[in-house]
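For reference, the structure is listed below as C-alpha coordinates.
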Amino acid sequence: MKLKYFAWVRERIGTPEEEVELPHEVETVRDLLDWLKARGDGYAEALRFPEAIRVAIDQEHVRHDERIAGAREIALFPPMTGG
Amino acid sequence: MKLKYFAWVRERIGTPEEEVELPHEVETVRDLLDWLKARGDGYAEALRFPEAIRVAIDQEHVRHDERIAGAREIALFPPMTGG
Amino acid sequence: MAPAFEPAIRTQRAAFDIAAETAALTAGRSDIGAVVSFCGLCRDEDGRLAALELEHYPGMAEAEIGRIAAQAGDRWPLAGLVVVHRYGVIAAGEAIVLVAAASTHRQAAFEAASFMMDFLKTRAPFWKREHLADGTLGGWVEAAAADDEAEARWSAFTPR
Amino acid sequence: MAPAFEPAIRTQRAAFDIAAETAALTAGRSDIGAVVSFCGLCRDEDGRLAALELEHYPGMAEAEIGRIAAQAGDRWPLAGLVVVHRYGVIAAGEAIVLVAAASTHRQAAFEAASFMMDFLKTRAPFWKREHLADGTLGGWVEAAAADDEAEARWSAFTPR
(Lines give C-alpha, C1' and ligand atoms only; values in the text may rest on other atoms or scores of the structure.)
Protein backbone atom coordinates (compact mmCIF):
# COMPACT_ATOMS: atom_id res chain seq x y z
CA MET A 1 0.00 0.00 0.00
CA LYS A 2 1.24 3.48 -0.85
CA LEU A 3 1.41 6.10 1.88
CA LYS A 4 1.73 9.81 1.04
CA TYR A 5 2.65 12.62 3.41
CA PHE A 6 2.23 16.37 2.98
CA ALA A 7 3.40 19.62 4.59
CA TRP A 8 4.82 19.21 8.10
CA VAL A 9 3.81 15.57 8.28
CA ARG A 10 6.01 14.99 5.23
CA GLU A 11 8.86 17.02 6.72
CA ARG A 12 8.83 15.23 10.06
CA ILE A 13 8.57 11.75 8.57
CA GLY A 14 11.26 12.72 6.09
CA THR A 15 9.78 11.39 2.87
CA PRO A 16 6.88 12.37 0.59
CA GLU A 17 5.75 8.77 0.06
CA GLU A 18 6.57 5.15 0.71
CA GLU A 19 5.26 1.64 0.10
CA VAL A 20 4.37 -0.36 3.22
CA GLU A 21 3.19 -3.88 4.03
CA LEU A 22 0.62 -3.54 6.77
CA PRO A 23 0.21 -6.28 9.37
CA HIS A 24 -3.16 -8.00 9.40
CA GLU A 25 -4.29 -6.32 12.63
CA VAL A 26 -4.09 -2.78 11.19
CA GLU A 27 -7.74 -2.40 10.20
CA THR A 28 -8.65 1.28 10.57
CA VAL A 29 -7.04 4.66 9.98
CA ARG A 30 -6.53 4.91 13.73
CA ASP A 31 -4.72 1.58 13.78
CA LEU A 32 -2.52 2.80 10.92
CA LEU A 33 -1.55 5.97 12.80
CA ASP A 34 -0.66 3.92 15.90
CA TRP A 35 1.38 1.47 13.83
CA LEU A 36 3.27 4.25 12.02
CA LYS A 37 4.10 6.06 15.27
CA ALA A 38 6.15 3.07 16.35
CA ARG A 39 8.29 3.10 13.18
CA GLY A 40 10.75 5.77 14.33
CA ASP A 41 11.36 9.17 15.87
CA GLY A 42 10.23 11.10 12.77
CA TYR A 43 6.95 9.21 12.67
CA ALA A 44 6.44 9.66 16.41
CA GLU A 45 7.08 13.39 16.07
CA ALA A 46 4.77 13.76 13.04
CA LEU A 47 1.94 11.79 14.61
CA ARG A 48 2.32 12.92 18.24
CA PHE A 49 -1.18 14.44 18.21
CA PRO A 50 -3.01 11.98 15.96
CA GLU A 51 -6.30 13.84 16.28
CA ALA A 52 -4.66 16.72 14.37
CA ILE A 53 -3.86 14.49 11.38
CA ARG A 54 -6.21 14.52 8.40
CA VAL A 55 -6.41 11.40 6.29
CA ALA A 56 -7.49 10.67 2.74
CA ILE A 57 -8.03 7.19 1.29
CA ASP A 58 -7.73 7.06 -2.48
CA GLN A 59 -7.92 10.88 -2.57
CA GLU A 60 -11.08 11.28 -0.48
CA HIS A 61 -11.24 12.61 3.07
CA VAL A 62 -12.05 9.95 5.67
CA ARG A 63 -12.51 9.84 9.43
CA HIS A 64 -10.13 8.00 11.73
CA ASP A 65 -12.61 5.19 12.27
CA GLU A 66 -12.68 4.40 8.55
CA ARG A 67 -11.59 0.88 7.59
CA ILE A 68 -8.60 0.78 5.25
CA ALA A 69 -9.11 -2.60 3.58
CA GLY A 70 -8.85 -2.22 -0.20
CA ALA A 71 -7.15 1.17 -0.10
CA ARG A 72 -4.50 1.73 -2.77
CA GLU A 73 -3.20 5.07 -1.48
CA ILE A 74 -3.52 6.61 1.96
CA ALA A 75 -2.40 10.20 2.57
CA LEU A 76 -1.68 11.84 5.92
CA PHE A 77 -1.49 15.61 6.27
CA PRO A 78 -2.20 18.58 8.56
CA PRO A 79 -5.45 20.57 8.38
CA MET A 80 -5.67 22.28 5.00
CA THR A 81 -4.77 25.95 4.58
CA GLY A 82 -5.46 26.62 0.92
CA GLY A 83 -7.83 29.10 -0.62
CA MET B 1 -37.85 75.78 -9.30
CA LYS B 2 -36.61 73.13 -11.70
CA LEU B 3 -38.56 69.89 -12.08
CA LYS B 4 -37.00 66.84 -13.72
CA TYR B 5 -38.78 63.72 -14.92
CA PHE B 6 -37.37 60.30 -15.79
CA ALA B 7 -38.44 57.10 -17.55
CA TRP B 8 -42.22 56.69 -17.97
CA VAL B 9 -42.93 59.75 -15.85
CA ARG B 10 -40.92 61.77 -18.38
CA GLU B 11 -42.66 60.12 -21.32
CA ARG B 12 -46.17 60.70 -20.02
CA ILE B 13 -45.54 64.30 -19.02
CA GLY B 14 -43.81 64.83 -22.34
CA THR B 15 -40.71 66.73 -21.25
CA PRO B 16 -37.50 65.84 -19.37
CA GLU B 17 -37.54 69.03 -17.33
CA GLU B 18 -39.24 72.36 -16.81
CA GLU B 19 -39.11 75.47 -14.64
CA VAL B 20 -42.21 76.12 -12.52
CA GLU B 21 -43.42 78.83 -10.15
CA LEU B 22 -45.11 77.03 -7.29
CA PRO B 23 -48.04 78.66 -5.49
CA HIS B 24 -47.48 79.45 -1.84
CA GLU B 25 -49.73 76.63 -0.60
CA VAL B 26 -47.61 73.87 -2.21
CA GLU B 27 -45.53 72.96 0.84
CA THR B 28 -44.71 69.25 0.61
CA VAL B 29 -43.84 66.70 -2.06
CA ARG B 30 -47.41 65.42 -1.79
CA ASP B 31 -48.79 68.92 -2.42
CA LEU B 32 -46.51 69.19 -5.46
CA LEU B 33 -47.78 65.91 -6.93
CA ASP B 34 -51.41 67.04 -6.45
CA TRP B 35 -50.69 70.44 -8.00
CA LEU B 36 -48.92 68.87 -11.01
CA LYS B 37 -51.74 66.39 -11.63
CA ALA B 38 -54.08 69.29 -12.36
CA ARG B 39 -51.78 70.76 -15.03
CA GLY B 40 -52.96 68.55 -17.88
CA ASP B 41 -53.73 65.08 -19.16
CA GLY B 42 -50.10 63.99 -19.43
CA TYR B 43 -49.44 64.98 -15.81
CA ALA B 44 -52.65 63.28 -14.67
CA GLU B 45 -51.63 60.10 -16.50
CA ALA B 46 -48.06 60.18 -15.16
CA LEU B 47 -49.13 60.82 -11.58
CA ARG B 48 -52.33 58.75 -11.47
CA PHE B 49 -50.90 56.53 -8.72
CA PRO B 50 -48.85 59.06 -6.76
CA GLU B 51 -47.73 56.46 -4.21
CA ALA B 52 -45.76 54.80 -7.05
CA ILE B 53 -43.77 57.97 -7.74
CA ARG B 54 -40.29 58.31 -6.25
CA VAL B 55 -39.02 61.80 -5.53
CA ALA B 56 -35.58 63.33 -5.08
CA ILE B 57 -34.92 66.83 -3.82
CA ASP B 58 -31.55 68.19 -4.89
CA GLN B 59 -30.51 64.68 -5.93
CA GLU B 60 -31.40 62.93 -2.68
CA HIS B 61 -34.31 60.54 -2.15
CA VAL B 62 -37.11 61.98 0.00
CA ARG B 63 -40.49 60.79 1.28
CA HIS B 64 -43.74 62.33 0.15
CA ASP B 65 -44.18 64.19 3.42
CA GLU B 66 -40.90 66.06 2.92
CA ARG B 67 -41.19 69.87 2.79
CA ILE B 68 -39.92 71.38 -0.43
CA ALA B 69 -39.04 74.90 0.71
CA GLY B 70 -35.53 75.78 -0.47
CA ALA B 71 -35.33 73.03 -3.07
CA ARG B 72 -33.54 73.97 -6.28
CA GLU B 73 -34.30 70.79 -8.24
CA ILE B 74 -37.03 68.23 -7.66
CA ALA B 75 -37.07 65.01 -9.69
CA LEU B 76 -40.00 62.61 -10.13
CA PHE B 77 -39.49 59.09 -11.41
CA PRO B 78 -40.68 55.48 -11.16
CA PRO B 79 -39.08 52.93 -8.82
CA MET B 80 -35.50 52.35 -9.90
CA THR B 81 -34.51 49.30 -11.96
CA GLY B 82 -30.75 49.69 -12.34
CA GLY B 83 -28.01 47.36 -11.25
CA MET C 1 -16.91 56.30 11.03
CA ALA C 2 -15.49 57.60 7.77
CA PRO C 3 -14.37 55.00 5.22
CA ALA C 4 -10.59 54.55 5.04
CA PHE C 5 -10.67 54.52 1.25
CA GLU C 6 -11.81 56.60 -1.67
CA PRO C 7 -14.38 54.63 -3.67
CA ALA C 8 -14.07 54.91 -7.45
CA ILE C 9 -17.53 55.60 -8.89
CA ARG C 10 -18.36 56.18 -12.54
CA THR C 11 -21.35 56.15 -14.85
CA GLN C 12 -20.57 55.82 -18.52
CA ARG C 13 -21.98 54.83 -21.88
CA ALA C 14 -18.90 52.82 -22.90
CA ALA C 15 -18.14 49.22 -21.98
CA PHE C 16 -15.74 48.70 -19.10
CA ASP C 17 -12.69 46.50 -18.68
CA ILE C 18 -13.18 44.32 -15.61
CA ALA C 19 -9.53 43.31 -15.46
CA ALA C 20 -8.30 46.91 -15.54
CA GLU C 21 -10.85 48.04 -12.95
CA THR C 22 -10.00 45.29 -10.46
CA ALA C 23 -6.25 45.55 -11.13
CA ALA C 24 -6.43 49.21 -10.12
CA LEU C 25 -7.78 48.09 -6.72
CA THR C 26 -4.71 46.02 -5.89
CA ALA C 27 -1.97 47.76 -7.89
CA GLY C 28 1.13 48.35 -5.80
CA ARG C 29 -0.47 46.94 -2.64
CA SER C 30 0.23 43.77 -0.73
CA ASP C 31 -2.21 44.23 2.17
CA ILE C 32 -5.28 43.04 0.25
CA GLY C 33 -6.27 39.41 0.71
CA ALA C 34 -9.53 39.32 -1.22
CA VAL C 35 -11.18 41.00 -4.17
CA VAL C 36 -14.80 40.14 -4.92
CA SER C 37 -16.22 41.44 -8.14
CA PHE C 38 -19.77 41.34 -9.40
CA CYS C 39 -20.61 41.84 -13.04
CA GLY C 40 -24.26 42.22 -14.02
CA LEU C 41 -25.07 41.37 -17.63
CA CYS C 42 -27.97 41.99 -19.98
CA ARG C 43 -29.95 38.74 -20.41
CA ASP C 44 -31.95 38.08 -23.57
CA GLU C 45 -34.82 36.46 -21.59
CA ASP C 46 -34.97 33.32 -23.72
CA GLY C 47 -34.45 35.27 -26.92
CA ARG C 48 -37.18 37.85 -26.24
CA LEU C 49 -34.79 40.81 -25.83
CA ALA C 50 -32.22 42.36 -28.15
CA ALA C 51 -31.03 44.93 -25.62
CA LEU C 52 -31.84 46.98 -22.56
CA GLU C 53 -31.75 50.77 -22.69
CA LEU C 54 -30.76 52.38 -19.44
CA GLU C 55 -31.82 55.91 -18.58
CA HIS C 56 -30.17 57.54 -15.59
CA TYR C 57 -30.25 60.73 -13.58
CA PRO C 58 -26.81 62.30 -14.15
CA GLY C 59 -25.37 63.76 -11.00
CA MET C 60 -27.75 61.99 -8.65
CA ALA C 61 -26.66 58.57 -9.94
CA GLU C 62 -23.04 59.17 -8.93
CA ALA C 63 -24.07 60.90 -5.67
CA GLU C 64 -26.42 58.10 -4.63
CA ILE C 65 -23.88 55.38 -5.46
CA GLY C 66 -21.40 57.39 -3.38
CA ARG C 67 -23.80 57.39 -0.41
CA ILE C 68 -24.27 53.62 -0.71
CA ALA C 69 -20.49 53.15 -0.96
CA ALA C 70 -19.98 55.27 2.16
CA GLN C 71 -22.42 53.02 4.03
CA ALA C 72 -20.50 49.95 2.87
CA GLY C 73 -17.28 51.60 4.06
CA ASP C 74 -18.84 52.14 7.48
CA ARG C 75 -19.99 48.54 7.75
CA TRP C 76 -16.96 46.66 6.46
CA PRO C 77 -13.18 47.24 6.64
CA LEU C 78 -12.66 47.84 2.92
CA ALA C 79 -9.36 48.58 1.22
CA GLY C 80 -11.02 49.67 -2.00
CA LEU C 81 -14.29 49.76 -3.88
CA VAL C 82 -15.08 50.29 -7.57
CA VAL C 83 -18.53 50.84 -9.06
CA VAL C 84 -19.04 51.36 -12.79
CA HIS C 85 -22.63 51.59 -14.04
CA ARG C 86 -23.37 51.93 -17.75
CA TYR C 87 -26.28 53.76 -19.36
CA GLY C 88 -27.60 53.87 -22.93
CA VAL C 89 -28.38 50.83 -25.08
CA ILE C 90 -26.70 47.65 -23.86
CA ALA C 91 -27.04 44.55 -26.04
CA ALA C 92 -27.94 41.14 -24.63
CA GLY C 93 -24.79 39.43 -23.39
CA GLU C 94 -23.05 42.73 -22.60
CA ALA C 95 -22.13 43.94 -19.13
CA ILE C 96 -24.26 46.60 -17.40
CA VAL C 97 -22.67 47.09 -14.01
CA LEU C 98 -19.48 46.23 -12.17
CA VAL C 99 -18.93 46.29 -8.42
CA ALA C 100 -15.57 45.22 -7.01
CA ALA C 101 -14.70 45.29 -3.31
CA ALA C 102 -11.25 44.69 -1.83
CA SER C 103 -10.52 43.83 1.79
CA THR C 104 -8.04 42.02 3.97
CA HIS C 105 -10.49 39.15 4.43
CA ARG C 106 -12.87 37.44 2.09
CA GLN C 107 -16.10 37.69 4.06
CA ALA C 108 -15.99 41.51 4.16
CA ALA C 109 -15.35 41.67 0.42
CA PHE C 110 -18.20 39.25 -0.37
CA GLU C 111 -20.67 41.02 1.89
CA ALA C 112 -19.77 44.53 0.78
CA ALA C 113 -20.12 43.64 -2.92
CA SER C 114 -23.48 41.96 -2.30
CA PHE C 115 -24.67 44.93 -0.21
CA MET C 116 -23.64 47.38 -2.94
CA MET C 117 -25.59 45.46 -5.57
CA ASP C 118 -28.73 45.16 -3.45
CA PHE C 119 -28.76 48.90 -2.80
CA LEU C 120 -27.82 49.84 -6.37
CA LYS C 121 -30.87 47.89 -7.53
CA THR C 122 -33.30 49.72 -5.29
CA ARG C 123 -31.75 53.17 -4.80
CA ALA C 124 -29.52 54.14 -7.74
CA PRO C 125 -31.52 56.27 -10.22
CA PHE C 126 -31.39 54.06 -13.33
CA TRP C 127 -34.36 52.77 -15.31
CA LYS C 128 -34.31 49.94 -17.80
CA ARG C 129 -36.39 49.76 -20.95
CA GLU C 130 -36.64 46.69 -23.15
CA HIS C 131 -35.63 46.59 -26.80
CA LEU C 132 -37.32 43.50 -28.22
CA ALA C 133 -35.70 40.94 -30.49
CA ASP C 134 -38.15 41.84 -33.29
CA GLY C 135 -36.72 45.37 -33.42
CA THR C 136 -39.56 47.12 -31.61
CA LEU C 137 -39.33 49.09 -28.40
CA GLY C 138 -40.69 47.23 -25.37
CA GLY C 139 -41.88 48.51 -22.03
CA TRP C 140 -40.10 49.81 -18.96
CA VAL C 141 -38.86 47.08 -16.66
CA GLU C 142 -40.89 46.97 -13.44
CA ALA C 143 -39.15 47.05 -10.11
CA ALA C 144 -39.02 43.58 -8.54
CA ALA C 145 -40.37 42.92 -5.06
CA ALA C 146 -37.47 40.48 -4.67
CA ASP C 147 -35.05 43.41 -4.93
CA ASP C 148 -36.79 45.26 -2.10
CA GLU C 149 -36.57 42.10 0.00
CA ALA C 150 -32.89 41.73 -0.86
CA GLU C 151 -32.28 45.29 0.33
CA ALA C 152 -34.35 44.79 3.49
CA ARG C 153 -32.28 41.84 4.74
CA TRP C 154 -29.33 44.19 5.37
CA SER C 155 -31.21 46.18 8.01
CA ALA C 156 -31.16 43.11 10.27
CA PHE C 157 -27.61 42.19 9.31
CA THR C 158 -24.51 42.66 11.45
CA PRO C 159 -21.11 41.93 9.92
CA ARG C 160 -19.34 39.09 11.72
CA MET D 1 -29.65 16.70 -8.73
CA ALA D 2 -26.80 16.76 -11.24
CA PRO D 3 -25.33 20.18 -12.05
CA ALA D 4 -26.40 21.53 -15.45
CA PHE D 5 -22.88 22.72 -16.18
CA GLU D 6 -19.34 21.42 -16.39
CA PRO D 7 -17.19 23.23 -13.84
CA ALA D 8 -13.73 24.22 -15.03
CA ILE D 9 -11.19 23.23 -12.38
CA ARG D 10 -7.44 23.65 -12.59
CA THR D 11 -4.41 23.68 -10.33
CA GLN D 12 -1.34 25.31 -11.76
CA ARG D 13 1.95 26.95 -10.89
CA ALA D 14 1.50 29.85 -13.33
CA ALA D 15 -0.42 33.05 -12.70
CA PHE D 16 -3.94 33.19 -14.13
CA ASP D 17 -5.74 35.82 -16.17
CA ILE D 18 -8.95 36.73 -14.34
CA ALA D 19 -10.44 38.48 -17.37
CA ALA D 20 -9.87 35.49 -19.65
CA GLU D 21 -11.24 33.05 -17.08
CA THR D 22 -14.44 34.99 -16.45
CA ALA D 23 -14.88 35.85 -20.14
CA ALA D 24 -14.89 32.12 -20.91
CA LEU D 25 -17.89 31.76 -18.56
CA THR D 26 -20.07 34.14 -20.56
CA ALA D 27 -18.64 33.81 -24.10
CA GLY D 28 -21.37 33.35 -26.66
CA ARG D 29 -24.14 33.28 -24.05
CA SER D 30 -26.87 35.77 -23.27
CA ASP D 31 -28.71 33.87 -20.54
CA ILE D 32 -26.29 34.83 -17.76
CA GLY D 33 -27.25 37.79 -15.61
CA ALA D 34 -24.53 37.68 -12.99
CA VAL D 35 -20.90 36.68 -12.63
CA VAL D 36 -19.32 36.84 -9.18
CA SER D 37 -15.61 36.32 -9.00
CA PHE D 38 -13.41 35.97 -5.97
CA CYS D 39 -9.68 36.45 -6.15
CA GLY D 40 -7.58 35.54 -3.11
CA LEU D 41 -4.21 37.27 -2.88
CA CYS D 42 -1.03 36.75 -0.91
CA ARG D 43 -0.81 39.40 1.82
CA ASP D 44 2.55 40.53 3.19
CA GLU D 45 1.20 40.72 6.78
CA ASP D 46 2.47 44.24 7.42
CA GLY D 47 5.74 43.56 5.63
CA ARG D 48 6.53 40.33 7.50
CA LEU D 49 6.13 38.05 4.47
CA ALA D 50 7.88 37.95 1.10
CA ALA D 51 5.78 35.09 -0.25
CA LEU D 52 3.70 32.04 0.53
CA GLU D 53 4.68 28.63 -0.76
CA LEU D 54 1.75 26.36 -1.47
CA GLU D 55 2.11 22.60 -1.39
CA HIS D 56 -0.74 20.54 -2.77
CA TYR D 57 -1.83 16.95 -3.26
CA PRO D 58 -1.97 16.53 -7.05
CA GLY D 59 -4.96 14.55 -8.15
CA MET D 60 -6.84 14.84 -4.89
CA ALA D 61 -6.79 18.66 -5.12
CA GLU D 62 -8.67 18.66 -8.42
CA ALA D 63 -10.94 15.79 -7.31
CA GLU D 64 -11.87 17.48 -4.02
CA ILE D 65 -12.51 20.85 -5.70
CA GLY D 66 -14.71 18.96 -8.18
CA ARG D 67 -16.70 17.44 -5.31
CA ILE D 68 -17.19 20.89 -3.75
CA ALA D 69 -18.21 22.29 -7.15
CA ALA D 70 -20.74 19.49 -7.62
CA GLN D 71 -22.26 20.39 -4.24
CA ALA D 72 -22.49 24.04 -5.30
CA GLY D 73 -24.17 22.93 -8.54
CA ASP D 74 -26.72 20.96 -6.53
CA ARG D 75 -27.48 23.93 -4.27
CA TRP D 76 -27.64 26.79 -6.77
CA PRO D 77 -28.79 27.08 -10.39
CA LEU D 78 -25.39 27.82 -11.87
CA ALA D 79 -24.64 28.45 -15.52
CA GLY D 80 -20.90 28.08 -15.04
CA LEU D 81 -18.16 27.79 -12.46
CA VAL D 82 -14.40 28.27 -12.69
CA VAL D 83 -11.85 27.42 -10.01
CA VAL D 84 -8.12 27.99 -10.51
CA HIS D 85 -5.84 27.32 -7.56
CA ARG D 86 -2.12 27.98 -7.79
CA TYR D 87 0.69 26.13 -6.02
CA GLY D 88 4.39 26.84 -5.63
CA VAL D 89 5.90 30.11 -4.43
CA ILE D 90 3.50 33.06 -4.70
CA ALA D 91 4.91 36.51 -3.91
CA ALA D 92 3.05 38.99 -1.70
CA GLY D 93 0.55 40.91 -3.81
CA GLU D 94 0.08 38.05 -6.28
CA ALA D 95 -3.11 36.05 -6.74
CA ILE D 96 -3.43 32.57 -5.23
CA VAL D 97 -6.93 31.44 -6.10
CA LEU D 98 -9.79 32.40 -8.37
CA VAL D 99 -13.40 31.31 -8.07
CA ALA D 100 -15.97 32.65 -10.53
CA ALA D 101 -19.63 31.63 -10.55
CA ALA D 102 -22.18 32.54 -13.21
CA SER D 103 -25.93 32.37 -12.82
CA THR D 104 -29.12 33.94 -14.09
CA HIS D 105 -29.51 35.85 -10.82
CA ARG D 106 -27.03 37.59 -8.61
CA GLN D 107 -27.81 35.97 -5.26
CA ALA D 108 -27.05 32.47 -6.54
CA ALA D 109 -23.74 33.64 -8.00
CA PHE D 110 -22.73 35.42 -4.77
CA GLU D 111 -23.66 32.51 -2.54
CA ALA D 112 -22.07 29.85 -4.74
CA ALA D 113 -18.76 31.75 -4.94
CA SER D 114 -18.74 32.29 -1.17
CA PHE D 115 -19.61 28.62 -0.54
CA MET D 116 -16.81 27.48 -2.88
CA MET D 117 -14.26 29.61 -1.03
CA ASP D 118 -15.35 28.47 2.43
CA PHE D 119 -15.04 24.81 1.42
CA LEU D 120 -11.80 25.31 -0.52
CA LYS D 121 -10.28 26.74 2.66
CA THR D 122 -11.21 23.77 4.83
CA ARG D 123 -11.31 20.80 2.42
CA ALA D 124 -9.02 21.37 -0.59
CA PRO D 125 -5.61 19.72 0.06
CA PHE D 126 -3.31 22.74 -0.05
CA TRP D 127 -0.89 23.86 2.64
CA LYS D 128 0.74 27.26 2.95
CA ARG D 129 4.22 27.92 4.21
CA GLU D 130 5.59 31.36 4.93
CA HIS D 131 8.64 32.84 3.23
CA LEU D 132 9.74 35.72 5.43
CA ALA D 133 10.74 39.16 4.24
CA ASP D 134 14.28 38.65 5.60
CA GLY D 135 14.81 35.78 3.15
CA THR D 136 14.39 32.95 5.63
CA LEU D 137 11.83 30.17 5.53
CA GLY D 138 8.99 30.62 8.02
CA GLY D 139 6.55 28.10 9.44
CA TRP D 140 3.50 26.37 8.09
CA VAL D 141 0.35 28.47 8.30
CA GLU D 142 -2.05 27.09 10.90
CA ALA D 143 -5.63 26.37 9.99
CA ALA D 144 -7.93 29.10 11.30
CA ALA D 145 -10.91 28.29 13.50
CA ALA D 146 -12.71 31.10 11.67
CA ASP D 147 -12.49 29.04 8.48
CA ASP D 148 -14.16 26.05 10.13
CA GLU D 149 -16.91 28.36 11.36
CA ALA D 150 -17.31 29.84 7.89
CA GLU D 151 -17.75 26.33 6.48
CA ALA D 152 -20.16 25.30 9.24
CA ARG D 153 -22.62 28.11 8.51
CA TRP D 154 -23.55 26.45 5.18
CA SER D 155 -24.94 23.34 6.88
CA ALA D 156 -27.78 25.46 8.28
CA PHE D 157 -28.19 27.46 5.09
CA THR D 158 -30.97 27.07 2.54
CA PRO D 159 -30.76 29.05 -0.71
CA ARG D 160 -33.66 31.49 -1.06
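Convention: sequence-line order gives letters A, B, ...; per-chain numbering from 1.
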When Ile96(C), Leu54(C), Thr122(C), Leu120(C) are compared by non-hydrogen pairs under 4.5 Å with chain B, the top option = Thr122(C)
Could you tell me whether Arg39(B) sits above the aromatic face of Tyr43(B), with NZ or CZ closer than 6.0 angstrom to the six-membered ring centre and within 45 degrees of the axis?
-> yes
Do Phe115(C) and Trp76(C) make the cut of ring centroids closer than 6.0 angstrom?
-> yes
Does the His85(C) side chain pair with the main chain of Gly83(B), one donor and one acceptor, at a distance under 3.5 Å?
-> yes
Between Arg86(C) and chain B, which part of the residue has a heavy atom less than 4.5 Å away: side chain, backbone, both or neither?
-> neither
In terms of heavy-atom pairs under 4.5 Å, which option from Arg123(C), Met116(C), Met117(C) contacts chain B the most?
-> Arg123(C)
Compute whether any side-chain donor of one residue and acceptor of the other, for Tyr5(B) and Glu11(B), lie under 3.5 angstrom apart.
-> no
Any idea which of Gly40(C), Ala63(C), Gly59(C), Ala144(C) has the most non-hydrogen atom pairs under 4.5 angstrom with chain B?
-> Gly59(C)
Heavy-atom pair count under 4.5 Å with chain B, highest-scoring of Met60(C), His56(C), Glu142(C), Arg67(C) = Met60(C)
Atom group of Pro78(B) that falls short of 4.5 Å from chain C, counting heavy atoms = both
Start with the C-alpha gap between Arg63(B) and Thr28(B), add the side-chain angles, then the distance that decides, and say whether side chain to side chain donor-acceptor pair (under 3.5 Å) holds.
-> CA-CA 9 Å; Arg63(B) 290 155 40 125; Thr28(B) 67; over 6 Å; no
